[in-house]
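Below is one structure, written out as structure tokens; the observations come after it.
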Amino acid sequence: MTASDFTSAPIREVFCSVQGEGPYVGVRQAFVRFSGCNLNCNYCDTDFANPGTCDYEQVEGSGSFEKIKNPVSVGQLEAMLHPFKKLHSVSLTGGEPLLHADFIETLNLALPLYLESNMTLPEQARKLTEKVTYVSGDFKLPASLRDIGSEARDAHMENTVECFRLLRKNHSRDCFCKIVVDNSTELETVTSAVEAIVPYVSCVILQPETPIGRDVTNLRPSGSIQASVQSIMQLQKSLLEIIDTRVIPQTHRMWGCL
Ligand SMILES: C[S@@+](CC[C@H](N)C(=O)[O-])C[C@H]1O[C@@H](n2cnc3c(N)ncnc32)[C@H](O)[C@@H]1O
Ligand SMILES: Nc1nc2[nH]cc(C(=O)O)c2c(=O)[nH]1
Ligand code: SF4
Ligand SMILES: [Mg+2]
């Protein structure tokens with residue numbers, strides 16, 4: 001994977017769309033999708049590999065992409081975002097954006113930054129505590145991680161909680177947690193995860209897994225993975241004992257925007 005630094009980063013795509021997930025569903029955002037990820041979630045719907053170029057959709061919804069050579073510089077990215085108007089914020093996603101924290105740290109955009117992260121890289125998260133206004137942090141349940149052994153689970157949980165502590169909600173930042181749920185999601189696992197981050201987040205979003213694989217070899221058989229409505233409702237009822245908990249699917253999948 002092409003490394004990034006303070007001046008440039010490998011970016012997979014840049015486009016203007018509507019936030020499809022979490023409590024800010026419906027707001028108009030620029031999306032900057034960084035290449036590369038440090039995890040391998042079994043449900044991942046994103047091809048974040050760096051093909052050498054960044055797909056740039058200059059006209060929102062047009063489906064017409066220009067290919068910009070990677071890595072993209074800070075100045076190039078700022079210019080690419082300029083045509084996008086009436087934005088709520090700029091979503092920094094991926095892949096895993098925390099892998100590119102040095103690059104993000106140097107961005108000088110007029111708009112608030114909205115970080116979509118797997119929350120597993122605390123030393124990178126530390127760099128962005130004064131930089132991001134919205135934190136959409138996933139809590140990756142170990143069962144959904146393909147490459148994690150039992151010996152690494154404790155460290156994974158500790159890193160996740162530390163990222164939420166570092167990027168916690170405050171007077172000038174919102175931080176919330178999204179948890180992707182499938183038919184194997186266990187109440188006890190989710191409850192202990194949520195209890196560990198309650199002081200740091202404004203709400204928890206239960207995000208039903210959308211049965212889409214990253215590629216045909218990884219495509220999980222859609223019939224076997226989705227959690228039942230009843231199980232998600234029971235999970236929400238339990239979590240509402242400790243925090244504002246909402247069920248929000250990936251809405252962009254419903255109307256076909258990027
Ligand atoms: C592609 S990830 C990129 C950001 C970051 N790496 C992360 O995982 O949070 C963006 C969001 O999409 C969610 N996601 C990916 N595949 C999904 C699927 N098949 N169903 C539901 N949510 C999915 C992730 O859980 C995450 O909240
Ligand atoms: N519309 C839309 N909303 C999103 N929210 C999080 C996304 C992501 O892939 O990070 C995403 C995405 O890919 N598209
Ligand atoms: S969902 Fe996020 S953390 Fe998981 S593999 Fe995909 S990009 Fe990486
Ligand atoms: Mg997406």
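Ligands are counted one by one from 1 in listed order, and the atoms in each one are counted from 1 as well. Here, residue 1 is the first one in the sequence, and each next residue gets the next number.
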Original post:
How far is atom 6 (C) of ligand 2 from its nearest protein heavy atom, and which residue and atom name does that atom have?
Top reply: E116 OE2, 3.2 Å
Subject >> ligand 1 contact on Q250 by region, counting heavy-atom pairs under 4.0 Å >> reply: side chain
Original post:
Below 4.0 angstrom, N of the basic side chain to O of the carboxylate: do D55 and R33 qualify?
Top reply: no
Original post:
Just one of L167, V161, L166, N159 clears the side chain to side chain contact (heavy atoms under 4.5 Å, CB included) bar with M119, so which one?
Top reply: L167
Subject >> Test item: side-chain donor near acceptor, E96 and N38, under 3.5 Å >> reply: no
**OP:** Could you grab the distance from atom CD of Q236 to atom CD of E241, nearest 0.5 Å is fine?
**Re:** 11.5 Å
**OP:** Below 4.0 angstrom from a heavy atom of L258, which ligand 2 atoms are there? Numbered from 1 as shown, please.
**Re:** 1 (N), 2 (C), 14 (N)
Original post:
If you measure from each non-hydrogen atom of C41 to ligand 3, which part falls under 4.0 Å: side chain, backbone, both or neither?
Top reply: both
Subject >> Part of E96 with heavy atoms under 4.0 Å of ligand 3, whether side chain, backbone, both or neither >> reply: neither
Original post:
What protein heavy atom is closest to atom 19 (N) of ligand 1, reported as residue, atom name and distance in Å?
Top reply: Y43 O, 2.7 Å
Subject >> Protein contact to atom 26 (C) of ligand 1 [nearest heavy atom, distance to 0.1 Å] >> reply: D138 OD2, 3.5 Å
**OP:** Would you mind listing which atoms of ligand 2 come within a distance below 4.0 Å of any non-hydrogen atom of V18?
**Re:** 1 (N), 2 (C), 3 (N)
Original post:
In the protein, which heavy atom is nearest to atom 13 (C) of ligand 1, and how far is it?
Top reply: Q207 NE2, 3.6 Å
**OP:** Apply ring-ring contact (aromatic ring centres under 6.0 Å, His included) to H88 and list each qualifying residue two or more places apart in sequence or on a separate chain.
**Re:** Y24, Y134
Original post:
Should we count NZ of K85 as having more than 12 external heavy atoms under 6.0 Å?
Top reply: yes
**OP:** Report, in ascending order of atom number, the atoms of ligand 1 lying under 4.0 Å from any heavy atom of T46.
**Re:** 1 (C)
**OP:** Return the minimal non-hydrogen interatomic distance between A49 and R12, and the atom names on each side.
**Re:** O-CD, 2.8 Å
**OP:** Between S117 and ligand 1, find which residue part has any heavy-atom pair under 4.0 Å and reply side chain, backbone, both or neither.
**Re:** backbone
**OP:** Could you check atom 12 (C) of ligand 2 against the protein and tell me its nearest heavy-atom contact, residue, atom and distance included?
**Re:** H252 NE2, 3.6 Å
Subject >> Atoms of ligand 1, numbered as shown, that sit under 4.0 Å from any heavy atom of C44 >> reply: 16 (N)
Original post:
What is the closest protein heavy atom to atom 8 (O) of ligand 1, and at what distance does it sit?
Top reply: K140 NZ, 2.8 Å
**OP:** Any atoms of ligand 3 less than 4.0 Å from a non-hydrogen atom of N118? List them with their elements.
**Re:** 3 (S)
**OP:** Rounded to the nearest 0.5 Å, what's the gap from SG on C257 to CZ on F31? Could you check?
**Re:** 7.5 Å
**OP:** With heavy atoms of E96 as the reference, note each atom of ligand 1 found under 4.0 Å away.
**Re:** 5 (C), 6 (N)
Original post:
Out of curiosity, is R33 lining ligand 2, as in a heavy atom under 4.0 Å away?
Top reply: yes
**OP:** Report, in ascending order of atom number, the atoms of ligand 1 lying under 4.0 Å from any heavy atom of K178.
**Re:** 27 (O)
**OP:** Please could you name the atoms of ligand 1 that P208 approaches to less than 4.0 Å, counting only its heavy atoms?
**Re:** 21 (C)
**OP:** Around atom 7 (C) of ligand 2, find the nearest protein heavy atom and jot down its residue, atom name and distance.
**Re:** E21 OE2, 3.9 Å
Original post:
Can you find an N/O atom of Q19 closer than 3.5 Å to an N/O atom of ligand 2?
Top reply: yes
Original post:
Relative to the heavy atoms of G95, which atoms of ligand 1 are at a distance of less than 4.0 Å?
Top reply: 3 (C), 4 (C), 5 (C), 6 (N)
Original post:
So which protein heavy atom does atom 11 (C) of ligand 1 come closest to, and at what separation?
Top reply: E21 OE1, 3.5 Å
**OP:** Please write down residue, atom name and distance for the protein heavy atom closest to atom 10 (O) of ligand 2.
**Re:** T93 OG1, 2.5 Å
Subject >> Pair E105 + K127: basic N to acidic O under 4.0 Å >> reply: no
Original post:
Looking at G94, which atoms of ligand 1 are within less than 4.0 Å of one of its heavy atoms?
Top reply: 1 (C), 3 (C)
Subject >> Atom indices of ligand 3 within 4.0 angstrom of G95 heavy atoms, with elements >> reply: 7 (S)
**OP:** May I have the step-by-step check of side-chain hydrogen bond (donor to acceptor under 3.5 Å, both in side chains) for N70 and T53, ending in yes or no?
**Re:** CA-CA 5 Å; N70 268 322; T53 54; 5.9 Å; no
Original post:
For ligand 2, which atoms have a heavy atom of G20 less than 4.0 angstrom away?
Top reply: 1 (N), 2 (C), 3 (N), 4 (C)
Original post:
Can you tell me the protein heavy atom closest to atom 20 (N) of ligand 1 and the distance?
Top reply: T210 N, 2.8 Å
**OP:** Please list, chain by chain and in numerical order, all residues satisfying side chain to side chain contact (heavy atoms under 4.5 Å, CB included) with D147, sequence neighbours excluded.
**Re:** N40
Original post:
Just distances here: any N/O of E116 and N/O of ligand 1 closer than 3.5 Å?
Top reply: no
**OP:** Considering only non-hydrogen protein atoms, determine which one is nearest to atom 15 (C) of ligand 1 and report residue, atom name and distance to 0.1 Å.
**Re:** D45 OD1, 3.4 Å
Original post:
Is it the case that E209 and Q226 place a side-chain donor and acceptor less than 3.5 Å from each other?
Top reply: no
**OP:** Report the residue from D138, V194, L239 that forms a side chain to side chain contact (heavy atoms under 4.5 Å, CB included) with I179.
**Re:** V194
Original post:
Are V135 and V198 co-members of a hydrophobic cluster defined by side-chain heavy atoms under 4.5 Å apart?
Top reply: yes
Original post:
Near T93, which atoms of ligand 1 are under 4.0 Å from a heavy atom of that residue?
Top reply: 3 (C), 4 (C)
**OP:** If you have a sec, work out which protein heavy atom is nearest atom 11 (C) of ligand 2 and how many Å separate them, to one decimal?
**Re:** F31 CE2, 3.8 Å
